[in-house]
Structure formats: C-alpha cells, structure tokens
Amino acid sequence: MESINNYSNYIGGAWLPPQRGQMTISVNPANRNEVVGNIPLSTRDDLDKAVTAANDARAAWRKLSGAGRGAFLYKAADILERRLDEVGRTMTREMGKTLAEAKGETARGVAILRYYAGEGMRKIGDVIPASDADAFMFTTRVPLGVVGAITPWNFPVAIPLWKIAPALIYGNTVVWKPASETAVTSVLVMECFHEAGLPEGVLNLVIGGGKEIGQGLAEHPGVQGITFTGSNAVGKSVGQAAFARGAKYQLEMGGKNPIIVAADADLDLAADAAISGGFKSTGQKCTATSRVIVVKDVYEAFRDKLVEKTASIRVGNGLSETTWLGPCANEKQYETVLGYIRSGKEEGAKLLLGGTPPEEEELRDGFYITPAIFEDVDSRMAIAQEEIFGPVLSLMKAADLPEAIRLANDVQFGLSASLYTKDIASALAFVQEMDAGLVRINAETAGVELQAPFGGMKDSSSHSREQGQAAIEFFTSIKTVFMKP
Ligand SMILES: NC(=O)C1=CN([C@@H]2O[C@H](COP(=O)(O)OP(=O)(O)OC[C@H]3O[C@@H](n4cnc5c(N)ncnc54)[C@H](OP(=O)(O)O)[C@@H]3O)[C@@H](O)[C@H]2O)C=CC1
Ligand SMILES: CCCCCC(=O)O
C-alpha cells in the first residue's frame, strides 16, 4: 500500500502544518478509493500568519527592480519545466483531466511565468506635456500591496500562475488560496517558487476550505486586492466582502458559451470544434462550449456529424494514453452534471446520446459521465441558460445568422463565443453584435492565448481583464506625477 504524504502550507518561506492540526484528503476522481494526499484544513490563524508574512515582505519586494523580480520568475519557470511530468501526473490524479491536457497546461504555466518575467522590463508610464511649461508631468505605477488569489480546480496551474506571476512582477506580495480539490498540485507549484529562492513572505500558500480561508482572504483588512476565479455564487460573496472594505477585486466566473454554425460553415471543422470546446477537460472550462446553435439549412447534416464523432470518444482514466475524456473533477460536480441531464429530459429536450455513467466495470469507482448531446433545446430551458460545467452540449436550431446571434446573446453570461463561417460580412457582424469578452471566428470557444486580454462580459466577470499586458491594470495603481523645479 503506497504511503500517503502529508502536505503543508507555505508561510513566510517555511512549510508549516495547520496550527490546529486539522487535515483532510484529496481524492482521485478516476477512483474515489485512491487518496492523492493528506492536505491542511487551515483556519483563520493560519491565514493571519500568511497575511502578516506577506505584509512584512512588501517593502523589500517592492524595492527590487522589475528585472530583479523577473529573475525569480524565470528561475521558477525553469524548475516547473523540469518537473512538468510530475506536476502533470499529479494534476490528472487530483482533478481528472487527461495527462496530455495536464502537461499542456503545465507547459502553459511555464510560458506564463516567462512572459511576466519579461514584463518586468517594460514601461509602466507615460510622459504627458503639462500646460505649465516649467512643469514635468508623467505617470508611474505602484503595486496594490498584498494580493489574495483564490483559484479553482479546473486549471490548477495556469489560472493561479496567470494571477500570481503578474501580481509578483508588478511588486505585490501574495497569499494564495488554491481549490481544495487540487491542493497537492498547488504545493508542487509552490515548491518551484521556493526552489527558485523567492524571498520569504513574498508568496504564501494557505490550503483550506473556501468559507474559512477564501472568504477570510476577501474580508482580511491586511489584503489590498483580491483576484478570484470560480463560480458566480462564490464570486459574488467574494466581491461583496472586498467592496465592503474598499479593497480592489477581480472576478472571473461562469460561462454559457455558444458556437454558431452558419450555412456556409465547414461542417467537419465546426463539429470538431464543438467536440473539443465542449468535451475537452470533461467540459470543465469557463470557456467550454455548451450551446451549439446551427442555422437550419445545415442542421441535420451537422447534427449527424456531431453525434457520429462524439460516439467514438473514449472515456477513461486520464492517466491512460487511450483516454480522450476523463472523469468529472469531484462527486459534487458529477452529481451536478447528472442533475442537469435529468432536467434537460424533464424540460422536453431530446437526449441523442451519452449522459450516463459508462458501463465498463473498471470505471465504476470514478466520477465518469459519457459525453451528452441534447437537441430540441429551447432557450428558456435550464440546460440552455445555466452553466453545467460538464460534458453536455445543447443543440439549438436558428432560422438564419441574425437569429443565431440573438440566441447566442440570450443568456446572462458573456465569456466566449465562436462562429464558423466563410463569409467576412457574417464574421464582422458577429464580432460587432456578440456580447462576449472572447469572440472567435473558425476557432473553438476555448483555448485562450496568454498574451491577450482574458475576461467576460455580463455575469461572467467583474469586467477587468486578466493575462497579457491587461493584467497590469488590476495589479497596480497609476500615479500621475506633476513636478516643478
Ligand atoms: N469560471 C471558471 O473558471 C470556473 C467556474 N467554476 C464554476 O464553479 C462551480 C463549482 O466549482 P468550484 O471549484 O467548486 O467553484 P467555487 O466557486 O466553489 O470555488 C472556487 C474557489 O473559491 C473557493 N471558495 C469556495 N467557497 C468560497 C467562499 N464562500 N468564499 C471564498 N472562496 C470560496 C474554493 O475553495 P474550495 O475549493 O476549498 O471550496 C475555490 O478555491 C463549477 O460548477 C463552475 O460552474 C469553477 C471553476 C472555474
Ligand atoms: C477558466 C477557464 C480558463 C480558460 C482556458 C482556455 O480556454 O484555454
């Protein structure tokens, strides 16, 4: 029997167990009987210690040059790259995505670290001519101070790093609360920063329950900025807590992302995009495709292609090379997805295939659901309006492109949206009229690029942007300086 490791918090440069000694377990969703590790159930005492360490580290970290801070990020990137296979395997064991996707995400984390390391040597202000000829006016930027990062389980390396790396490079110190689901993965990422020699207190990891540590971060008077990715319900409470005490906050939340298939679309490419966008990572991306809106002229031909391709998807343990679709990340998500499949049928949609646990005996102990496709989906149904965060696609028929765009906009979310067409005018109309932060032509709804702004409209976001050079807007404050001799 393989021994189960105990994992600790990382506070003030030291690996520390939770002060009250409470621990819980991280479980493999491919086999609920497999424990990945024993993880801390930290309390506010641990959080206070981490916030104090982060505040104590602020002055020295801020005094470093951007290039000086960047040197630590380059080192962490090299170490993470060296440990890519180990981090990928741990991610798959903790939240179920296939090993290929987990290693791909870890490589993306390496690239994010290197991108922001370089940002430490780019301009942070402008010289603006003053009306007073004897004056010198310019802008500069200063860090917020201590930033709290609350991160989800679906991208347990890329999302934390696209928050932590810009926070650090722009001079902030950080207290990171990872999703409990992927706590062991977060420890491995933290080990890379530790090995890179990051000064103590600059980055702190506190593992614990969302209410205790996540809400505690949002409410903490020693934390000047909160960056959150996760559900709308939690995001709302985090934002309200931060707003109540005047802290800056950034929320990236759910999506209900459409792909529109126009009459002139390449149906094979569009079907492949719907499958990749809708089922990769078991549909557990905020950018995942969930609604497939097809212009009626090509509806039957497209539907048949989509069903035929989906039927060949192999479901299994993400560590197996033959697996294309892994389990849901945890039992809560598994039950949520099965609940939406029930409600889809109850509301009158037709389940064309999938939506059940697989029959294979060797998969009985995992949270597996076969990829599901509904048709006859009305825009008012729950499966057309609510984020499912699982391997479920809802087919909808539109009379023409204008109606397809209207349907695409007929939700409270606005994160990502795709259109498959060969017509430039259709593409430009879609870009103009689609209310989404990510608008993609002949490309799936998922798969954002780290150098470009990322974020949603409507209920998907608190309307800042992450990633790329957009990140500087959240992690700094602008000072306008006016000088006279
Ligand atoms: N937009 C996106 O990228 C994502 C969206 N989601 C959505 O969230 C749903 C559930 O996924 P899940 O990971 O549980 O998302 P949650 O919003 O529940 O969790 C996201 C993060 O918030 C923490 N958290 C939980 N409760 C609180 C709280 N009261 N105050 C502060 N922080 C809290 C979690 O900690 P802990 O893990 O300890 O509970 C985790 O670190 C999914 O079905 C999906 O709809 C989820 C992930 C990413
Ligand atoms: C939370 C969602 C992250 C989106 C990552 C992607 O689409 O590549």
Side-chain angles (χ1 to χ4, degrees), residues 24 26 39-42 47 94-95 97 101 104-105 108-109 112 148-163 176-183 185-186 205-220 226-242 249 251-257 276-278 280-290 328-337 339-340 386-390 392 413 415-416 418 437-438 440 443-450 452 454-456 459-462 466-467:
T24 185
S26 175
I39 59 173
L41 258 183
S42 300
L47 179 62
E94 276 205 298
M95 57 73 61
K97 72 172 66 171
E101 288 177 88
E105 179 189 338
R108 181 171 170 182
I112 289 168
I150 305 170
T151 58
W153 44 253
N154 64 329
F155 283 87
V157 172
I159 292 181
L161 288 180
W162 86 44
K163 295 174 183 287
W176 172 23
K177 184 259 177 274
S180 302
E181 209 58 56
T182 46
T185 304
S186 70
L205 174 71
V206 182
I207 298 166
K211 273 202 178 315
E212 183 71 11
I213 304 303
Q215 194 67 19
L217 257 182
E219 294 166 352
H220 204 294
I226 291 283
T227 176
F228 167 86
T229 295
S231 64
N232 283 68
V234 173
K236 189 173 178 182
S237 76
V238 166
Q240 285 171 333
Y249 61 93
L251 314 171
E252 283 306 324
M253 298 171 285
K256 194 63 188 179
N257 309 305
S276 181
K280 280 272 185 194
S281 287
T282 318
Q284 297 168 133
K285 298 178 182 177
C286 55
T287 49
T289 304
S290 54
C328 296
N330 54 45
E331 191 158 17
K332 171 181 140 188
Q333 207 50 40
Y334 173 76
E335 295 299 345
T336 298
V337 176
Y340 276 109
E386 298 171 22
E387 184 182 51
I388 299 170
F389 225 63
V392 182
F413 296 102
L415 183 55
S416 185
S418 295
L438 310 168
R440 301 161 67 85
E444 68 172 83
T445 60
V448 296
E449 303 252 335
L450 65 93
F454 171 81
D459 288 0
S460 290
S461 167
S462 59
E466 298 191 280
Q467 301 200 67

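All ligand and atom numbering here is 1-based and tracks the order in the structure.
Evaluated by nearest non-hydrogen atom to atom 42 (C) of ligand 1, the leading choice among F389, F228, F155 is F389. For atom 5 (C) of ligand 1, the choice among G230, G216, C286 with the nearest heavy atom turns out to be G230. Of the options L251, T336, I150, the smallest heavy-atom separation from atom 23 (C) of ligand 1 is shown by I150.
Backbone and side-chain nitrogen or oxygen atoms of T229 are examined, and none is located within less than 3.5 angstrom of a nitrogen or oxygen of ligand 1. For E387, a nitrogen or oxygen atom sits less than 3.5 Å from a nitrogen or oxygen atom of ligand 1, counting backbone and side chain alike. Below 3.5 Å of separation, one finds no N or O of E181 facing any N or O of ligand 1.
Within the 4.0 Å heavy-atom criterion, the part of P178 lying near ligand 1 is the backbone and not the side chain.
Between the side chains of S290 and E387, not a single donor N or O lies within less than 3.5 Å of an accepting N or O.
Residue-ligand proximity: K285 is placed with every non-hydrogen atom at 4.0 Å or more from ligand 1.
Here the protein heavy atom with the shortest distance to atom 7 (O) of ligand 2 is T287 OG1, 2.5 Å. At the shortest separation from atom 6 (C) of ligand 2 among protein heavy atoms lies G447 N, 3.3 Å. Looking only at protein heavy atoms, the nearest one to atom 5 (C) of ligand 2 is R108 NH2, 3.4 Å. With respect to atom 2 (C) of ligand 2, the closest heavy atom belonging to the protein is C286 SG, 2.3 Å.
Near Q333, with a cut-off below 4.0 Å to any heavy atom, the atoms of ligand 1 are 42 (C), 43 (O). Near W162, with a cut-off below 4.0 Å to any heavy atom, the atoms of ligand 2 are 3 (C). Remark: ligand 2 atoms within the under-4.0 Å shell around heavy atoms of A446 are 7 (O).
Here the rule is side chain to side chain contact (heavy atoms under 4.5 Å, CB included) with K280, and of K97, E444, E101 only E101 fits it.
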